[in-house]
Amino acid sequence: MNKFVEPDTPLQKKFDNNLFLARNWGMSRVAFPELSMTETPISPEPIIDESLRDEDPIEFIAQEVKVMDINAIINTAVIVLIGLAVLNQFATVDADLMRGWTTQEMAVRIPIDNWNSYSCVLKNSPVITKAVTSATVYTIGDFIAQRTEGKSIGELDRPRITRSMLAGLIGHGPLSHVWYSVSEGVFTNVMHLHGWSGTFVKVVIDQTTWGPIWNNTYILLLGLMKMDKLENIFSEMKRTTIPLLKSGLKLWPLAHCVTYGLIPLENRLLWVDLVEIFWVTILATAAAGGGEEEEVKEEVVH
């Protein structure tokens with residue numbers, strides 16, 4: 001058995017103490033600069049200047065590219081591929097027609113024809129179209145939320161983004177289609193709500209019925225996808241129902257004045273989804289700026 005002998009000199013003391021640590025705690029690398037001139041220095045971890053996030057976004061992105069790990073490469077590749085696919089679909093909507101068009105004509109016609117194409121698909125397959133729309137928006141919203149929370153590209157939680165996408169696909173899109181169709185029939189044919197006074201009543205009913213119903217459905221879906229225990233899921237529902245209702249009052253009554261007062265029935269879900277991107281960014285920014293210690297949870301925004 002080796003004995004730990006009290007060293008005679010400070011240099012010997014440092015050497016023996018480091019050797020003792022290496023043997024007892026499994027240190028994989030111990031540097032002794034005073035004893036070895038050939039030791040390879042350990043490169044410090046690259047540091048990203050967070051102040052550039054707002055001051056110089058381009059330089060901030062360049063810093064992130066330099067320190068990419070495998071997760072960052074995978075996440076970036078997915079984002080780039082999806083972006084290219086969307087851009088290709090958007091830009092080639094008039095591929096068979098726009099030969100000879102000027103730049104001004106393309107700038108006007110491409111957005112209009114994309115909207116017309118979307119409206120045609122929406123008319124033929126309303127539920128599927130709204131499901132895909134919500135899935136897309138929830139994916140974008142969660143991505144923005146995580147980035148606003150301060151996560152780098154490599155730190156993005158892909159399972160969390162996937163859960164948000166599925167919640168929009170199988171939950172928000174189809175259920176919202178049913179809600180807006182049924183509620184409009186009740187508002188118009190049963191309650192005879194018309195004009196801006198009727199819009200006010202519609203907003204109140206929406207916020208006190210559909211809002212809480214969807215919030216709890218969202219939490220249920222996320223809990224089931226995370227394979228959480230039912231008692232934990234129901235406990236989370238009870239804990240968040242009132243706070244989420246209060247948070248929603250900061251924006252949704254005003255947004256729904258537009259929803260029920262100006263937006264056609266078939267496009268209401270698209271409008272609501274677009275507002276949700278804005279809203280989830282506000283929530284994440286407020287949480288990050290408040291210095292909360294916990295990571296921002298997958299919040300329900302409507």
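Taken from OG in S247 to CG in N215, the straight-line distance is 9.5 Å, to the nearest 0.5 Å. The distance from the CZ atom of R160 to the CE atom of M225 is 12.5 Å, given to the nearest 0.5 Å. Atom CD1 of I263 and atom CG of L269 lie 12.0 Å apart (nearest 0.5 Å). Remark: K238 NZ to F234 CZ distance equals 11.0 Å, nearest 0.5 Å. To the nearest 0.5 Å, atom OG1 of residue T139 and atom CZ of residue R163 are 12.5 Å apart. D113 contributes atom CG, which lies 11.0 Å from atom OG of S119 (distance to the nearest 0.5 angstrom).
Ring-plane geometry between Y260 and F187 is classed as perpendicular, the angle between the planes exceeding 60 degrees on a 0 to 90 degree scale with a lower cut at 30.
In terms of heavy-atom proximity, V275 sits nearest to A255 at CG1-CB, 4.1 Å.
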I'd like to know whether D273 forms a side-chain hydrogen bond (donor to acceptor under 3.5 Å, both in side chains) with T133, so could you lay out the CA-CA distance, the side-chain angles of the two residues, the decisive distance to 0.1 Å, and finally the verdict. CA-CA 8 Å; D273 279 341; T133 300; 5.7 Å; no
Please evaluate residues L169 and S134 with respect to the criterion side chain to side chain contact (heavy atoms under 4.5 Å, CB included), reporting the C-alpha separation (whole Å), side-chain torsions for both, the decisive distance (0.1 Å), and the verdict. CA-CA 6 Å; L169 181 70; S134 280; over 6 Å; no
Could you walk me through whether S176 and W214 pass the side chain to side chain contact (heavy atoms under 4.5 Å, CB included) test, one step at a time? CA-CA 9 Å; S176 293; W214 168 241; over 6 Å; no
Verdict with supporting geometry, T217 and L175, side chain to side chain contact (heavy atoms under 4.5 Å, CB included): CA-CA 10 Å; T217 302; L175 292 178; 3.9 Å; yes
For D206 and W252, run side-chain hydrogen bond (donor to acceptor under 3.5 Å, both in side chains): C-alpha distance rounded to whole Å, both residues' side-chain angles, the deciding distance at 0.1 Å, then the answer. CA-CA 10 Å; D206 181 287; W252 287 109; over 6 Å; no
Pair W179-I213, side chain to side chain contact (heavy atoms under 4.5 Å, CB included): steps then yes or no: CA-CA 11 Å; W179 163 255; I213 289 172; over 6 Å; no
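In the hydrophobic cluster analysis, where Ile, Leu, Val, Met, Phe, Trp and Tyr join through side-chain heavy atoms closer than 4.5 angstrom, L265 is grouped together with M191. Using a 4.5 Å cut-off between side-chain heavy atoms of Ile, Leu, Val, Met, Phe, Trp and Tyr, with links allowed through other members, Y138 and L274 fall into different hydrophobic clusters. Follow the hydrophobic side-chain contacts under 4.5 Å out from I153 and you never reach L81; the two are in separate clusters. Cluster annotation: I242 and M237 are assigned to distinct hydrophobic clusters (Ile/Leu/Val/Met/Phe/Trp/Tyr, side-chain heavy-atom contacts under 4.5 Å, transitive). Residues L262 and L254 do not share a hydrophobic cluster, defined by chaining ILVMFWY side chains whose heavy atoms lie under 4.5 Å apart.
With a 4.5 Å cut-off on side-chain heavy atoms, I233 and L224 count as touching. In this structure, C257 and F200 have side chains that are not in contact, with every pair of non-hydrogen atoms separated by 4.5 Å or more. By the 4.5 Å heavy-atom criterion applied to side chains, E236 and N232 are not counted as neighbours. Between V272 and H256, the closest side-chain pair of non-hydrogen atoms falls below 4.5 Å. Contact check for V137 versus L270: no side-chain heavy atoms found under the 4.5 Å cut-off. Using a 4.5 Å heavy-atom threshold, the side chains of R158 and I74 count as touching.
With hydrogens and angles ignored, the 3.5 Å screen pairs a side-chain donor or acceptor of R268 with a backbone N or O of T259. Side-chain atoms of R147 come within 3.5 Å of backbone atoms of K151 as a donor-acceptor pair (strictly under, hydrogens ignored). Between the side chain of Q146 and the backbone N or O of D157 there is at least one donor-acceptor pair closer than 3.5 Å. Side-chain atoms of E155 come within 3.5 Å of backbone N or O of S152 as a donor-acceptor pair.
Applying the 4.5 Å side-chain rule to ILVMFWY residues, one finds that L245 remains a lone member of its cluster.
With sequence neighbours left out, the ring pair (Phe, Tyr, Trp, His ring centres under 6.0 Å) criterion links Y118 to W115.
When ring centroids are compared, Y218 and H172 stay outside the 6.0 Å threshold.
Side-chain contact check for N216 and T241: at least one donor-acceptor pair (N or O, by modelled atom type) lies under 3.5 Å.
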Tell me which donor-acceptor pairs under 3.5 Å the side chains of residues 122-130 have, and how far apart each pair is, sequence neighbours excluded?
{"from": "N124", "atom 1": "ND2", "to": "C120", "atom 2": "O", "distance (Å)": "3.2"}
{"from": "T129", "atom 1": "OG1", "to": "V121", "atom 2": "O", "distance (Å)": "3.3"}
{"from": "T129", "atom 1": "OG1", "to": "S125", "atom 2": "O", "distance (Å)": "2.6"}
{"from": "K130", "atom 1": "NZ", "to": "H177", "atom 2": "ND1", "distance (Å)": "3.0"}

